[in-house]
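Here is how names work: the chains are called A, B, and so on, in the same order as the sequence lines, proteins then strands, and each is numbered from 1.
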Amino acid sequence: MTSLPKIYDPQEIEGKWYQFWQSNDFFHAESTSDKPSYAIVIPPPNITGSLHIGHALDNTLQDCLIRWRRMQGYNVLWMPGTDHAGIVTELIMERKLAEEGSNRNDLGREKFIERMWQWKEDSAGYIVSQLQKLGCSCDWERERFTLDEGLSEAVRTAFVKLYNQGLIYRDTYMVNWCPMCNTAVSNLEVEPIEIDGNFYHIHYPVIDSDVVLEIATTRPETMLGDTAVAVHPDDERYQHLIGKKVLLPLCDREIPIIADEYVDTEFGTGALKVTPAHDVNDYEIGLRHSLEQRTVFTPDGNMNEDAGDNYVGLSRWDCRQKVVEDLEKGNYLVKIVPHRHAVGHHDRCNTIVEPTISLQWFMNVRPLAQRAIEVTKKGEVKFIPERETNRFFHWMENIEPWPISRQRWWGHRLPIWYCQDCDKVIAAMDTPEQCECGATEFHQEEDVLDTWFSSGLWPFSTMGWPNETDELNTFYPTSVLVTGWDILFFWVARMIMLGLGCMDEVPFRTVYLHGLVADEKGQKMSKSKGNSIDPLETIETYGTDAFRFALANASTPNPYVPLPESQIESGRRFANKVWNAARFIMMNLEKYPLPANTQTIEQHVPLEVQWIQSRLSNTIKAATDAMENFRFYEVAQTLYAFLWHEFCDWYLEFAKQRLTKDEPYALWVAADVLEQMMRLLHPLMPFLTEEIWQQLPHGGNNKLADNNTSVTIAPWPKHTTENPTAETTMATVMEVIDNIRSIRGELNVPIGASVEVHIQAPNAEIRERLETYLEQYLPAFTRVDGITIAESLPKPPSSAEAVIGELTIYIPLAGVIDFEVEQTRLTKRLQQIDKDVAAAENTLKNKNFIERAPENVVEQKKDLHERLLIEQKKLKRSLLMLTST
RNA sequence: GGGCGGGUAGCUCAGGUGGCUAGAGCGACAGCCUUACAAGCUGUAGGUCACAGGUUCAAGUCCUGUCCCGCCUACCA
């Protein structure tokens, strides 16, 4: 007997196969090959991170594509690697340092970086091992890291290139400043979050007048940096005041009243305090009117000297409170009105950002964005789902300069050198030898690049750029990029722009943007919300394959994909079902070993074999089609439905029946179908399918597939031809069986009791087929004593009845049948039929329908109508007979 | 303010270009240890496809409007 355990135990199986695949180099891509190329670059996870649910989904889908294309015979590259992830990683390190009672300034830059690298070395393997646990078939020999030497060279090369093209420049401009991280951040990194705040209405007295101007602000502390008050030029209320001055309360400064169209007369009081150094709009107004930019905050969010002696040193928030108190004391405060509004928070540390004027490095992304739009319109990049294309265009059309410098330490220092003597700015790969002025001393820019700059080069930097490599020739542009839609702008857009800028070619042909995993309430799963599933725990409990199947099965085109526990449980049950189907087949193969060639054994192929082969072919076609269109949900559904509800529920039951008669042919076909199913299922469930595939008899005389060493490199099944006749016949057989079962169930016929079945089949062809097959098939599904099939039959007394088109089934149930139950059953059915008949009649009565609808649709409708009529007539007659009894 | 996605069975979702009697998984109910699987098998119940119009021979599917829910985006101080 076979040693297969009754219940599938993933922990037993999963460990060994990854090793096996690795040691056989199945995941290794050839730099040059005659095969067509297929490449995906992994969205590099943070080096210090751990696998979360988003990674699990993203990488499962990628692995599905990769394994599928590999089986299809492509030269497949899945480029793996990790990201240094700039600020996030630094923040985690800072937290660690704080626990040790230290901080990054105590350590100093050099020691801090050293510490970061050390930590990176320690945790480097962690995320990789987790990806391997998930089954990811990456080409690990090629693993890269955004801060490794090669990628750093790529970063410098790209920077210098873009600098020389004038696309990268240094400028003093208003940027979002994070007082916590002490760095500039880009707009994308600022998340507007609604908070409850106040509108503070303040009186600004007009000089040489008894008029006071009432202004409203949500940030009273910024008034210390006010350098004007603005009104709308057409605002009649304030016409006479334009050009005058107000005395800024608490500051004893006189500031002008100016007119600017930006001011909304409807909003607040129609008078706007202008703080050019601390608000983007005020900044613009300030530029238009040449106002002083008065900075009152320090970089870490406290008040500086320019805030005045009363406030210097206070935090932003303490200062607000004190300003309000002082205003009240001075009788300047009119009122405080609660006001809910969106305030920008740094997405990495959740600190409220401070718009601040500072000297930063920017990239002018407009020209590249324009090219990106053009090539996308030409179809060189395709977004799936299509709706994402519009989001992409909208963003690209309104794109603003990208601030790329960060006042941080962990990352790529800008390849910019300043001459010690003349301050000349030089962009170069390495420290320059000599400046034009003759000086030879330089210092490198302290700032590092936004982490997305290096990830933006990922599709080609990982393949050796700026060197001309075989990898680039073979795999660039890559085939697909798979990621969540939430980083379309952060990453995908930048890769496209930088790809065009550096390679003069898009980085990928297709962008597949999958949904974000949500909980059962539709909320995005995230660690911070505490509603997240831990992939590794899930894998422990349910097994990797069950988890992967659930993820694929959840991947509908929706922007949020709920993954309830029950879905994973369902994956586990499916894995177990597959396991047991295999177990059944292999157990029986021991008794009936596969012959050398199964094809010639049976001259007369039984119906159920024709049927299952036709269904399999159909399944192959559907699964392949769904894969090609990134419809992972459909792949999972298709394979699940076929394997469980056709192969197991029906075919294996037929095969059992054959085995009881010592006819093993159907079993051998079952083995063949199973083998192909393992190949179809392999991209979704790599471990389970490998285990079963390996255990199936291969090679020698028992040759099922080509004598490959692993299902990983076995060919993807090809669909053959469907067999509509077999499918229709089997459908009728199944319907007959279903009806008998249903009658037995509803009329409570005891399980052990056998019944007689009388079938009236007017059509000779159908009758003949039923005569051939029913007798063989029925016993496997329901207890039957005898079957009578005839052109016309009388209804036996006390019998239950079912109608299938022109077929009528009678089951004599004298002594068993409960007339009332049977009456209810038939009445219910009749009511449904009446409704359907009426609907069909309505349609057919319509002349326009007959004239305008396609012929086949009309035919179908007529057919349906006829079938319904017959059934209706029979049901009515039966009911009559019942009630008259 | 603009834009996008969604509202189909108790729950989570499928239903490419309109056309079989609207489906699945989970859950519920009833009955089965039928030796591959009780993580299973069999049967049953459950839907005015958000609402109102319109186009069409035909609408869950297309159009318009309304109401909810979610998201993205925007400088209303």
Rounding to an integer number of Å, can you tell me how far [X] [atom1] sits from [N] [atom2]?
| X | N | atom1 | atom2 | result |
| --- | --- | --- | --- | --- |
| Phe584(A) | G40(B) | CZ | P | 18 Å |
| Gln567(A) | A24(B) | CD | P | 16 Å |
| Arg583(A) | G40(B) | CZ | P | 14 Å |
| Arg391(A) | C71(B) | CZ | P | 14 Å |
| Asn580(A) | C37(B) | CG | P | 6 Å |
| Tyr8(A) | G40(B) | OH | P | 16 Å |
| Phe574(A) | G40(B) | CZ | P | 12 Å |

| message | Please enumerate all residues that pass side chain to side chain donor-acceptor pair (under 3.5 Å) together with Glu12(A), with sequence neighbours excluded. | response |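 With neighbours one apart ignored, the set is empty.
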| Can you name the residues that form a side chain to side chain donor-acceptor pair (under 3.5 Å) with Asp279(A), not counting sequence neighbours? |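 By the side chain to side chain donor-acceptor pair (under 3.5 Å) rule, Asp279(A) matches no residue at all.
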| Test log, rule side chain to side chain donor-acceptor pair (under 3.5 Å), inputs Thr265(A) and Asp235(A) | CA-CA 7 Å; Thr265(A) 54; Asp235(A) 194 332; 5.2 Å; no
| task | Please work out whether the ring planes of Phe267(A) and His339(A) are parallel, tilted or perpendicular, with thresholds of 30° and 60°. | result |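 Correct class here is perpendicular.
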Just to be sure I understand the rule, does [X] reach a base, reach only the sugar-phosphate, or reach nothing, if contact means heavy atoms closer than 4.0 Å?
| X | answer |
| --- | --- |
| Glu386(A) | nothing |
| Trp485(A) | sugar-phosphate |
| Asn390(A) | nothing |
| Arg867(A) | base |

List, with names and distances, any nitrogen or oxygen atoms from the protein found under 3.5 Å away from nitrogen or oxygen atoms belonging to nucleotides 75-77 of chain B.
unit_1	atom_1	unit_2	atom_2	d
C75(B)	O2'	Asn281(A)	ND2	3.1
C75(B)	N1	Asn281(A)	OD1	3.3
C75(B)	O2	Tyr262(A)	OH	3.0
C75(B)	O2	Asn281(A)	OD1	3.4
C76(B)	O2	Asp264(A)	OD2	3.0
A77(B)	N6	Asp264(A)	O	2.9
A77(B)	N6	Phe267(A)	O	2.9
A77(B)	N1	Asp264(A)	N	3.2

| task | Would you mind building the protein contact string for nucleotides 41-46 of chain B? One character per nucleotide, 5' to 3', B for base within reach (heavy atoms under 4.0 Å), S for sugar-phosphate only, - for untouched. | result | SSSSS-
| query | Given that both pair distances must be under 3.5 Å and the pair must be Watson-Crick or G-U, what runs of three or more consecutive pairs involve RNA chain B? | reply |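 B:1-7 with B:67-73, B:10-13 with B:23-26, B:28-32 with B:40-44, B:50-54 with B:62-66 - these are the stems of 3 or more pairs that involve RNA chain B.
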Would you please confirm or rule out a distance under 4.0 Å between OP1 or OP2 of [N] and any side-chain N or O of [X]?
| X | N | value |
| --- | --- | --- |
| Lys656(A) | A36(B) | yes |
| Lys6(A) | U35(B) | no |
| Arg573(A) | G40(B) | yes |
| Asn558(A) | A14(B) | yes |

| field | Minimum-distance nucleotide (side-chain atoms of Pro854(A) versus A36(B), G19(B), C71(B)) | value |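 Shortest atom-to-atom distance from the side chain points to G19(B).
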For the [atom1] atoms, the ones on [N] and on [M], what distance do you get once it is rounded to whole angstrom?
| N | M | atom1 | value |
| --- | --- | --- | --- |
| U35(B) | A30(B) | P | 24 Å |
| C29(B) | C20(B) | P | 35 Å |
| G27(B) | U44(B) | C1' | 14 Å |
| A9(B) | G25(B) | P | 16 Å |

| field | Row check, Tyr200(A) ring normal vs Arg219(A) NZ/CZ: under 6.0 Å, within 45° | value |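 Negative - Arg219(A) is either too far from the ring of Tyr200(A) or too far off its axis.
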| request: Applying ring pair (Phe, Tyr, Trp, His ring centres under 6.0 Å), name anything that partners Phe574(A), two or more places apart in sequence or on another chain. | output: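 If we apply the ring pair (Phe, Tyr, Trp, His ring centres under 6.0 Å) test to Phe574(A), skipping adjacent residues, the hits are Phe549(A), Tyr640(A).
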| query | Yes or no on side chain to side chain contact (heavy atoms under 4.5 Å, CB included) for Arg744(A) and Thr782(A), after CA distance, side-chain angles and deciding distance? | reply | CA-CA 9 Å; Arg744(A) 293 188 60 129; Thr782(A) 182; 3.2 Å; yes
| Salt-bridged, Arg316(A) to Glu221(A), with N to O below 4.0 Å? |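 Here Arg316(A) does not pair with Glu221(A) in a salt bridge, since their nearest N and O are not under 4.0 Å apart.
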| message | Between His201(A) and Leu333(A), is there a side-chain heavy-atom distance shorter than 4.5 Å? | response |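 With C-beta onward as the side chain, the pair stays apart.
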| How about Tyr283(A) and Tyr173(A): are their ring centroids closer than 6.0 Å? |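 Yes, ring centres under 6.0 Å apart.
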